Visitor: 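One structure follows; several queries about it will come next.
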2 protein chains.
Amino acid sequence: MVLYAYSLAFGIIALLFSIFAAWITLKKDKGNTKMQEISDAIRSGASAYLNRQAMTIGIFVVILSILFSFLANGMQIVIAFVTGAVTAYLTAYLGMNVAVRANVRTTKAAESGVSEAFYTAILGGAVTGFAAIGFGLVGISLLLSYLTVSNIAILIGFGFGASLVSLFARVGGGIYTKSADVGADLVGKTELNMPEDDPRNPAVIADNVGDNVGDCAGMAADVYESYVVTIVAALLIAASISITSPLGAPVNRAPFFNYPLYIASAGVIGSLASMLFLKSKGRNATPALYKGIGSAIIVSAFLDLAITYAMGFSLSYFTAVLSGLVLAILLFAITDYYTGSGSKPVIKIAEAARGGAGTGVIMGLSVGLRTTFLPVIFVVIAILVSYYSVGVYGIGIAAVGMLSLTATILTIDSFGPITDNAGGIAEMANLPEKVRKVTDSLDALGNTTKATTKGFAIGGAALSATALFVAFAAAVGLKAIDALNPIVAAGIFLGALLPFIFSSFLMEAVGNTAKLMVDEVRRQVRTMKGIMTGKTKPDYAKAVDIVTVNSLKALVVPELLAIGAPIVVGLVLGRAALGGLLVGMIPTSFVMALFMANGGAAMDNAKKYIETGKFGGKGSDAHKAAVVGDTVGDPLKDTAGPALNSMIKVVSTVSILLAPVFLMYAAM
Amino acid sequence: MVLYAYSLAFGIIALLFSIFAAWITLKKDKGNTKMQEISDAIRSGASAYLNRQAMTIGIFVVILSILFSFLANGMQIVIAFVTGAVTAYLTAYLGMNVAVRANVRTTKAAESGVSEAFYTAILGGAVTGFAAIGFGLVGISLLLSYLTVSNIAILIGFGFGASLVSLFARVGGGIYTKSADVGADLVGKTELNMPEDDPRNPAVIADNVGDNVGDCAGMAADVYESYVVTIVAALLIAASISITSPLGAPVNRAPFFNYPLYIASAGVIGSLASMLFLKSKGRNATPALYKGIGSAIIVSAFLDLAITYAMGFSLSYFTAVLSGLVLAILLFAITDYYTGSGSKPVIKIAEAARGGAGTGVIMGLSVGLRTTFLPVIFVVIAILVSYYSVGVYGIGIAAVGMLSLTATILTIDSFGPITDNAGGIAEMANLPEKVRKVTDSLDALGNTTKATTKGFAIGGAALSATALFVAFAAAVGLKAIDALNPIVAAGIFLGALLPFIFSSFLMEAVGNTAKLMVDEVRRQVRTMKGIMTGKTKPDYAKAVDIVTVNSLKALVVPELLAIGAPIVVGLVLGRAALGGLLVGMIPTSFVMALFMANGGAAMDNAKKYIETGKFGGKGSDAHKAAVVGDTVGDPLKDTAGPALNSMIKVVSTVSILLAPVFLMYAAM
């Protein structure tokens, strides 16, 4: 047993910082009774959802554990799998639980100005960010200590556990947040002319709960999973590459196992450093975000260079890692350009909305399709650079390099739902104009961070899936996955199909659940006369209940699709076809996720742009048209798009996990 | 020189039948002066567009011809290329010129009832259908007579010529038809509450012209191209497969060249037979369509079986051909199920529209995504069945089997724009209610045929692209295209990206041009006071001019993208990456085209379903919401979706055409 003490230590440091951030956050003033009351309602709704979701996931985990126990090394795989699932859930749960407490504290802090509120929200976000890398590093380091090169494949069980939970959190949370949002907007804003977060809207609490279970818990589980499976993929590749050693000397793979763990550890320090820069004085807080990510990258890169040198590796290893780090900031900046409020493409959509909802949506889809170009080009360059630096292992460490920024990115991302909620609480608690101006400006920034960090999550998923694909080929013993082989070609067609079918179910679920919400809101407003005058409190709980139940119901089919597709293809058409499935699925899902996430975000911001008074401003025909675009974009950007990330990793990890079965089957 | 007399003869028979059908059509009564006046306006607009488009294409053809003349066998390639381009344009031009004359005659025939009008429109469509297969068979047979196994690759020049024109016709026509349609609808229907085809709408002639240049000329060029490149791909595969011959005997490839040409010839007879069944007595003419396609398939299959037997081939060859034939009717039926008026998915969209435009579009996209499942599964099955029957050659002949139905499918498809126009003329000429009921019912059927034949065109494109992919690998001398090779992986990512970027430009072009149309229609209605009262005739020509100029302008970038992408990837990253580009592009474009075409068609029919009085009927909120869905669906189903067909074939044929260059480059 080799104890991976360094990475374990850095994992513990990250967890300690997460606890520290949580402690500081919770110490802050949580405002007046009215504010607390609203915050409590959001919190209890979010907890109720996460608890019920845990039960649904629990059933899957138990069934899958029983099945896995029949595999070779069954018990060890089950332990790894359950650990992966539990830590992923803990990350999501913990992060969200702090976020729903940080929201009201951010509102309160807004009384003292932007910089105070900004930091409160960032600190709340940091709890999730550092918990993720902490759990990841501790989990992998401990598991790895019990494994050897021959049974290292068990690690994929850990990755699959995280993937499974991530898929649930992304799909369930995504359906929840957008059904509630669309439902609240359609009746509230469009039919009844209520402003956002109007307390008279029966769906308002559900909407705010949705921000947390979707953007916060869902994103946390997704990025946690990317982090974990990326490191696992790098370790699996390290176990499979051929290493030349001096004649007679035993092959020493240890440095290749240590290297990605050291890179990840360097990321802990880089992310801690970024906390010093994630501070904003003025109203325009965007520079603070770039400074935060920039500092994390620079510190990490410096440490990575030192590590490479200290381990006696050639500079080409560092080149591979650096390509991953640089990719992270490029994806962040590209998404910012395409979807940032007031950017050229966003204005183009807003302008098209003057022709009506139809032309607005057409332009929104066009922009979304266009945004896929640069990210794909840069990912391709990163893959080529890292491969030609050090071979397939290079792809693995490039992915680890990129994902080593996880804590910073998640911190910035969680900032989004916290400020979104803070704005909601300020509105519902009728706080003075001055406070609401602060929360509004942070809310707008939060929308940008949510979009830009999604670019990171999608790119990270693509890179880590590529690394998993390499690990898969090694696991099933395929030296080539030849598209000229028609059985592989069949797999490729099915792989390209998968994201479309998967998204279809999610879009449908949002459509259906949102319709139920619309009906419920209309019913409450119609039957409870005092709602519109503000005399009667709407039945928030009923609305929360409807989305909760229906989101969980809608989970099952997409979940089974993602787990079942590789199993069916692997068993019916064989491992070569399964390889083809991955070949078809990874790029198509990647491009599709970019299209959906960015297109939706751009349409959202086009609406917001009009709301700043452009093209007729709020209430104009252009605005009404842009609201339709926003509604269409909602499930694209927050449900289907991000869920594709989790899907490709579940499919990839299942494929590797069951590799022994497919191998056996191929030998029969 | 071996004269391919059989296929030449059948090509001539098809051309003669096309002329015969044109003669019968033109002999029919063309109605009163008012009707002729409208028809003339449509005709001159369509001709003006096609003539201008010919000039744009001409420039490309000249430049490319000069470039091709530097290749080995340069002059022969140029001849093949120009012939391919000219015959494709002739098919589109001829078909459309008859269609714009058949429209008014169909309106006139509607006075005598459904069956008379139905047959007039079918006959008009048959001109295009049989011209396509006639030109194809004659062209290939003659060219092939001058070629030998060693220089058969020259044929791909013919295929590329057809592909190039098809791309222009699809892209230009697609942008034209939808800009005009969206522009006409947005102001006319939504703002001014005019019915469809109201003569007071300044965009009404442009809209009717669009039906012809998009649905008729565009579709004709697309399917002609699929027909041609599919036969070419089968012949190229026949030239590259290894054939065992008795020791000492020379290898005899002749039967493998003849077989696909015989299958195509059998298709001529099958399609002629179908003309006997494409007749309708009652108002529900759908069964007539199934009977028509069914009879074409049964007659063709019977002849194919006889051919296989007569040539001494094993039954497995017939199995491969049959898989293509069966695929055709399956794709037709699936599209009918998903997008047919009153089908379950269509009703679901209509119902979702009650929640607003947003939920309607969300459900429409969801349905579109879902419709991709069965077609992909069946295409995969066809590929596997045909491959496991006779190897890669099987994929080639399966595609030929499917495309041998081209004449019947194109006939049914061209029926769409003809009846659409017939309805428009009846409306604009203020014909009696009785006549308009007939034209309306045929118009509705025409919408279904346009959608269902699109399923055939997309599936045919996928199958023929797969055959081209096999031919490509042989042409560039690649024994494997291994996705584990990172340079191939890079190509795959870029290939998956291509349809997204390409579609983005098309959607943008429609959005922009439609906006110009909206502005123009608003301007005319505002400045020319008599328009709304019907006293002043709007300036139709101005509206026609705007779409014409802007559609042609928008052509260039997507055109260069499709031609340039394989050249750049092939030269910068090499032939393996180019193979990867095809691997990524073909399945993704296929699924994407299905999503767009079917999603758009379903949203269109959801609107029509509401217009039959369901969910509040015309003018209700649900209807307004569904109109938005229809607008969004328009460029998806008639511009971007179908253009992807042409794109994948242009990319594939360019790749094969320049194979010698990439080979030389690889050897350097």
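Note that the structure is predicted; figures quoted are calculated from it, not measured. Side chains are part of it too, since the values below use all heavy atoms of this structure and drop only hydrogens, waters and symmetry mates. Lettering of chains follows the sequences in order, A, B, ..., and the numbering in each one begins at 1.
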Visitor: Rounded to the nearest 0.5 Å, how far apart are CG of A:L484 and CG of B:D482?
Guide: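 Between atom CG of A:L484 and atom CG of B:D482 there are 10.5 Å.
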Visitor: A side-chain contact here means heavy atoms from C-beta on lying under 4.5 Å apart; do B:I492 and A:I492 qualify?
Guide: no
Visitor: Do you know which of A:T371, A:I501, A:V392 has the most heavy-atom pairs with chain B at a distance under 4.5 angstrom?
Guide: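 Most heavy-atom pairs under 4.5 Å with chain B: A:I501.
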Visitor: Where does B:V583 contact chain A at under 4.5 Å (heavy atoms): side chain, backbone, both or neither?
Guide: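 Its backbone and side chain both get close to chain A.
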Visitor: Heavy atoms only, distances under 4.5 angstrom: which of A:G183, A:A640, A:P587, A:G629 has the most pairs with chain B? Name it, please.
Guide: A:P587
Visitor: Passes side chain to side chain contact (heavy atoms under 4.5 Å, CB included), A:V380 versus B:L497? Steps please.
Guide: CA-CA 11 Å; A:V380 164; B:L497 172 66; over 6 Å; no
Visitor: Just so I understand: if I count every heavy-atom pair under 4.5 Å between each of B:T372, B:I481, B:V488 and chain A, which residue has the most?
Guide: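 Top count of heavy-atom pairs under 4.5 Å with chain A: B:I481.
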Visitor: Tell me, out of B:L384, B:I383, B:D519, who's got the most heavy-atom pairs with chain A below 4.5 Å.
Guide: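 Option with the top pair count is B:L384.
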Visitor: In terms of heavy-atom pairs under 4.5 Å, which option from A:M363, A:E508, A:E351 contacts chain B the most?
Guide: A:E508
Visitor: Using a 6.0 Å cut-off, check whether atom CZ of A:F373 has over 12 heavy atoms from anything other than its own residue.
Guide: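 Atom CZ in A:F373 is not crowded, with 12 or fewer foreign heavy atoms closer than 6.0 Å.
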Visitor: Is there a side chain to side chain contact (heavy atoms under 4.5 Å, CB included) between B:I362 and A:D634 once you walk through the steps?
Guide: CA-CA 9 Å; B:I362 290 172; A:D634 266 344; over 6 Å; no
Visitor: Applying side chain to side chain contact (heavy atoms under 4.5 Å, CB included), run through B:F505 and A:R370 and close with a yes or a no.
Guide: CA-CA 8 Å; B:F505 283 106; A:R370 192 76 59 91; 3.5 Å; yes
Visitor: Is it the backbone or the side chain of A:P635 that comes under 4.5 Å from a heavy atom of chain B, or both, or neither?
Guide: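 Just its side chain gets close to chain B.
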Visitor: Side chains of B:V632 and A:L365: closer than 4.5 Å at any heavy-atom pair?
Guide: yes
Visitor: Flag the one option from B:F469, B:Y388, B:F595 with the top tally of heavy-atom pairs under 4.5 Å to chain A.
Guide: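 Highest number of pairs under 4.5 Å: B:F469.
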Visitor: Given side chain to side chain contact (heavy atoms under 4.5 Å, CB included), test A:M507 with B:L369 step by step and report yes or no.
Guide: CA-CA 9 Å; A:M507 297 288 285; B:L369 291 165; 4.0 Å; yes
Visitor: Below 4.5 Å from any heavy atom of chain A, which atoms of B:K479 appear? Answer side chain, backbone, both or neither.
Guide: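 Backbone of B:K479 only, per the 4.5 Å heavy-atom cut-off to chain A.
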Visitor: Are B:F493 and A:I586 close enough that some pair of their side-chain heavy atoms sits under 4.5 Å apart?
Guide: yes
Visitor: Can you tell which of A:T631, A:T466, A:V376, A:I395 has the highest number of heavy-atom pairs within less than 4.5 Å of chain B?
Guide: A:V376
Visitor: Can you tell which part of A:V591 gets under 4.5 Å to a heavy atom of chain B, answering side chain, backbone, both or neither?
Guide: both
Visitor: Is it true that a side-chain atom of B:S366 and a backbone atom of A:S504 form a donor plus acceptor pair closer than 3.5 Å?
Guide: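 A pair under 3.5 Å: yes.
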Visitor: Between chain A and each of B:A483, B:A625, B:G511, count heavy-atom pairs under 4.5 Å; write down the option with the most.
Guide: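 Counting heavy-atom pairs under 4.5 Å, the top option is B:A483.
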Visitor: Ignoring hydrogens, what is the shortest heavy-atom contact between B:V628 and A:G358? Give both atom names and the distance.
Guide: CG1-N, 4.0 Å
Visitor: What part of A:R522 is in contact with chain B, defined as an atom under 4.5 angstrom from a non-hydrogen atom: side chain, backbone, both or neither?
Guide: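 Only the side chain of A:R522 comes within 4.5 Å of chain B.
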Visitor: Rounded at 0.5 Å granularity, tell me how far CG in A:N485 sits from OH in B:Y387.
Guide: 6.5 Å
Visitor: At a heavy-atom separation under 4.5 Å, does A:L573 approach chain B through its side chain, its backbone, both, or neither?
Guide: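 Only the side chain of A:L573 comes within 4.5 Å of chain B.
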Visitor: Name the option with the most non-hydrogen atom pairs under 4.5 Å to chain B; the candidates are A:A480, A:G368, A:G355.
Guide: A:A480
Visitor: What is the distance from atom CG of B:N512 to atom NZ of A:K348, rounded to the nearest 0.5 Å?
Guide: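 Here the rounded value is 6.5 Å.
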